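I have placed the structure first, in the form of structure tokens, so that the comments after it can refer back to it.
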Amino acid sequence: MKKGLDATFVHYGIRKDDLPLIEAICHQHGIDFDWLQEDVLKRYHAH
């Protein structure tokens, strides 16, 4: 198991391995994944 933080976690507060699940849920519910990733997750994590 790798130790440390991956870049995805640093930018979004979410592990890289969890992003495919979040993307699948977005597609299932008609939510733009890019919008969620950049405008919601990244801003929320920065706050």
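Atom set for the values below is all heavy atoms of this structure, side chains included, hydrogens, waters and symmetry mates excluded. Residue indices begin at 1 and follow the sequence shown. Treat the numbers as computed from the prediction; the structure is a model and nothing was measured.
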- Give, for atom CG of Leu41 and atom CD1 of Ile22, the distance between the pair rounded to the nearest 0.5 Å. 6.0 Å
- Sequence-distant partners of Asp18, salt bridge (charged side-chain N to carboxylate O under 4.0 Å, His left out), two or more places apart: Arg15
- Item | Distance, nearest 0.5 Å, that separates CD of Glu38 from CZ of Arg43 | 9.5 Å
- Query: Can you find a heavy atom in the side chain of Leu19 that is under 4.5 Å from one in the side chain of Phe33?
  - Reply: yes
- Message: Under 4.5 Å side-chain heavy-atom separation, chaining through any Ile, Leu, Val, Met, Phe, Trp or Tyr, what else clusters with Tyr44? Say none if it is isolated.
- Response: none
- Message: Please determine whether side-chain contact (heavy atoms from CB on, under 4.5 Å) holds for the pair Leu36 and Glu23, giving the CA-CA distance in whole Å, both sets of side-chain angles, and the decisive distance to 0.1 Å.
- Response: CA-CA 9 Å; Leu36 180 81; Glu23 185 173 12; over 6 Å; no
